[in-house]
Peer 1: 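Mind having a look at this structure? Questions to follow.
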Amino acid sequence: MTLLERIIQTLRALEIDVVVIGATAMAAHGVSRSTLDIDLFTIDPRALHQRSWDRLKPDAVDIEIRHGDASDPLRGVVRFEESGERPVDLIVGHGGWQAQALVDAESVRFGSIELPVVNPVALVLLKLYADGPQDRSDIIQLLADDATGTLTARVEEALNGLPNQLRTSWSRIEPG
């Protein structure tokens, strides 16, 4: 069983909802880019508790839990590493509007495991929130495949009522 499969198995046993984000989600939506790790997302704070991961310890998995501080846009990140496996980052958000990413997920098969993947609108919103150079590049690539403008329109609709930071980030990306 792969590291990702064991992490997903643990999350499911704890009834912690999770979605695939990042480059793996981009690939599921037709935009391929290289990455060294697999990114997952949840809003459940139990993911940041060391005891949640006790069952992985016997498998020699290195687990690093980083808690966000008061100014951090995330509750934290859990990094999983094991020799011979792709690292997995579990990003833990605060909830609120981010919870919709979990609700609207689409199921995709990755080898022997079926996982919920964030839909394109939620992927853009999460990337607007992160607002790093790679995130902006990813959004531009997603929009490049949006010949009908449907994704753009859905993102603009979803931005209503969300934090101003997202609308500001969107205004720097939005096609002219």
Peer 1: How far apart are the C-alpha atoms of Met1 and Gln9, what are their side-chain angles, what is the distance that settles it, and do they pass the side chain to side chain contact (heavy atoms under 4.5 Å, CB included) test?
Peer 2: CA-CA 10 Å; Met1 187 179 297; Gln9 185 179 61; 3.8 Å; yes
Peer 1: For a 4.5 angstrom cut-off between non-hydrogen side-chain atoms, does Arg172 reach Asp131?
Peer 2: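 In contact.
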Peer 1: Donor-acceptor pair, distance only, cut-off 3.5 Å: does the side chain of Thr35 make one with the backbone of Ala23?
Peer 2: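 Looks like no, no N/O pair under 3.5 Å.
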Peer 1: Nearest 0.5 Å, what's the CG-CG distance between Asp44 and Leu11?
Peer 2: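 The distance works out to 9.0 Å.
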Peer 1: Quick check against the 3.5 Å criterion: does Arg46 have a side-chain atom that pairs as donor or acceptor with the backbone of Leu14?
Peer 2: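 Judged by distance alone, yes, a pair lies under 3.5 Å.
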Peer 1: Output, in order, the C-alpha distance, side-chain angles, deciding distance and verdict of side chain to side chain contact (heavy atoms under 4.5 Å, CB included) for Glu85 and Thr2.
Peer 2: CA-CA 7 Å; Glu85 295 274 349; Thr2 67; 3.7 Å; yes
Peer 1: Would you say that Arg6 contacts Glu82 through its side chain, given a criterion of any heavy-atom pair below 4.5 Å between the two side chains?
Peer 2: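 Counting from C-beta outward, Arg6 and Glu82 do come under 4.5 Å.
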Peer 1: Minimum heavy-atom separation for Val155 to Leu125, with atom names?
Peer 2: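 Answer, listing the atom of Val155 first, then Leu125: CG1-CD2, 4.4 Å.
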Peer 1: Report yes if some heavy atom in the side chain of Ile43 is under 4.5 Å from a heavy atom in the side chain of His94; otherwise report no.
Peer 2: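 They are not in contact (no side-chain heavy atoms under 4.5 Å apart), so the answer is no.
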Peer 1: Same cluster or not: are Ile113 and Val108 linked, directly or through other Ile, Leu, Val, Met, Phe, Trp or Tyr residues, by side-chain heavy atoms under 4.5 angstrom apart?
Peer 2: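 Yes: a chain of side-chain contacts under 4.5 Å links Ile113 to Val108.
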Peer 1: For the atom pair CG (Leu90) and CG (Leu48), what is the distance rounded to the nearest 0.5 Å?
Peer 2: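 So the CG of Leu90 and the CG of Leu48 are separated by 7.5 Å.
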Peer 1: When you look at Phe80 and Leu4, which way does the side chain to side chain contact (heavy atoms under 4.5 Å, CB included) test go after all the steps?
Peer 2: CA-CA 9 Å; Phe80 303 89; Leu4 175 61; over 6 Å; no
Peer 1: According to a hydrophobic-cluster definition based on side-chain heavy atoms being under 4.5 Å apart (Ile, Leu, Val, Met, Phe, Trp, Tyr only), do Tyr129 and Ile140 belong together?
Peer 2: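 As far as the 4.5 Å side-chain criterion goes, Ile140 and Tyr129 are connected within one cluster.
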Peer 1: Mind checking whether Val20 and Asp39 have side chains closer than 4.5 Å, heavy atoms only?
Peer 2: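 Not in contact.
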Peer 1: Answer whether the closest heavy-atom distance between the side chains of Val121 and Leu151 falls below 4.5 Å.
Peer 2: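 Val121 vs Leu151: side chains touch.
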Peer 1: Please check: side-chain N/O of Thr168 versus main-chain N/O of Asn164, any donor-acceptor pairing under 3.5 Å?
Peer 2: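 A pair under 3.5 Å: yes.
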Peer 1: Roughly how far, to the nearest 0.5 Å, is the CG atom of Leu115 from the CD atom of Glu106?
Peer 2: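 Here the interatomic distance stands at 13.5 Å.
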Peer 1: Any sub-3.5 Å donor-acceptor pair from His29's side-chain atoms to Val118's backbone N or O?
Peer 2: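 Yes: the side chain of His29 pairs with the backbone of Val118.
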Peer 1: Check the pair Val92, Leu74 against side chain to side chain contact (heavy atoms under 4.5 Å, CB included), reporting the backbone distance first and the verdict last.
Peer 2: CA-CA 6 Å; Val92 183; Leu74 301 173; over 6 Å; no
Peer 1: CZ of Arg51: more than 12 outside heavy atoms within 6.0 angstrom?
Peer 2: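 Open.
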Peer 1: Please report the shortest heavy-atom distance between Gln98 and Leu126, naming the atom on each side.
Peer 2: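 Shortest heavy-atom separation between Gln98 and Leu126 comes out as CG-CD2, 4.3 Å.
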Peer 1: So does Gln50 have more than 12 non-hydrogen atoms from other groups sitting under 6.0 Å from CD?
Peer 2: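 It does: Gln50 CD has more than 12 such atoms within range.
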Peer 1: Would you compute the distance between atom CG of Leu123 and atom CD1 of Ile139 and round it to the nearest 0.5 angstrom?
Peer 2: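 The distance works out to 8.0 Å.
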Peer 1: First locate atom CG of Leu56, then atom CD1 of Ile63, and finally report the distance between them rounded to the nearest 0.5 Å.
Peer 2: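 With rounding to 0.5 Å, CG (Leu56) is 5.0 Å from CD1 (Ile63).
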Peer 1: Just wondering, do Trp53 and Ile7 contact through their side chains at under 4.5 Å, heavy atoms?
Peer 2: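 Yes; the side chains approach each other to less than 4.5 Å.
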Peer 1: Quick one: do the Ser112 and Glu5 side chains pair a donor with an acceptor below 3.5 Å?
Peer 2: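 Yes, a side-chain donor-acceptor pair sits under 3.5 Å.
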Peer 1: Are any of the side-chain heavy atoms of Val117 and Phe110 separated by less than 4.5 Å?
Peer 2: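 Val117 reaches Phe110 side chain to side chain.
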Peer 1: Mind checking whether Arg86 and Thr24 have side chains closer than 4.5 Å, heavy atoms only?
Peer 2: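 Side-chain contact under 4.5 Å: yes.
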Peer 1: For Gly22 and Arg33, work out which heavy atoms get closest and say how close.
Peer 2: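 Heavy atoms only, the tightest pair is C-NH2, 4.5 Å.
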Peer 1: Excluding sequence neighbours, so at least two apart, what forms salt bridge (charged side-chain N to carboxylate O under 4.0 Å, His left out) with Arg167?
Peer 2: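 Scan of Arg167 (salt bridge (charged side-chain N to carboxylate O under 4.0 Å, His left out), adjacent residues dropped) gives none.
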Peer 1: Going by the side chain to side chain contact (heavy atoms under 4.5 Å, CB included) test, name the single residue among Ile65, Asp37, Val88 that passes it with Arg79.
Peer 2: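 Going through Ile65, Asp37, Val88 one by one, the side chain to side chain contact (heavy atoms under 4.5 Å, CB included) with Arg79 is satisfied by Asp37 alone.
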Peer 1: Measuring from atom CG of Asp69 to atom CZ of Arg75, what distance do you get when rounded to the nearest 0.5 angstrom?
Peer 2: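 Those atoms lie 14.5 Å apart.
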Peer 1: Keeping the roles fixed (side chain from Asp146, backbone from Thr152), state whether a donor-acceptor pair exists under 3.5 Å.
Peer 2: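 It does hold such a pair.
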Peer 1: Taking all heavy atoms of Phe41 and all of Leu102, pick out the closest pair and write down the distance.
Peer 2: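 Minimum heavy-atom contact is O-CD2, 3.7 Å.
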Peer 1: Please check this pair: side chain of Asp135 against backbone of Gly132, looking for a donor-acceptor N/O pair closer than 3.5 Å.
Peer 2: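 Confirmed, Asp135 side chain pairs with Gly132 backbone.
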Peer 1: Over all heavy atoms of both residues, which pair between Val19 and Ala105 is shortest? Give the atoms and the distance, please.
Peer 2: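 Result for this residue pair: CG1-CB, 3.5 Å.
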Peer 1: Of all the heavy-atom pairs spanning Arg55 and Ala13, show the shortest one and how long it is.
Peer 2: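 Smallest interatomic distance, heavy atoms only, reads NH1-CB, 3.3 Å.
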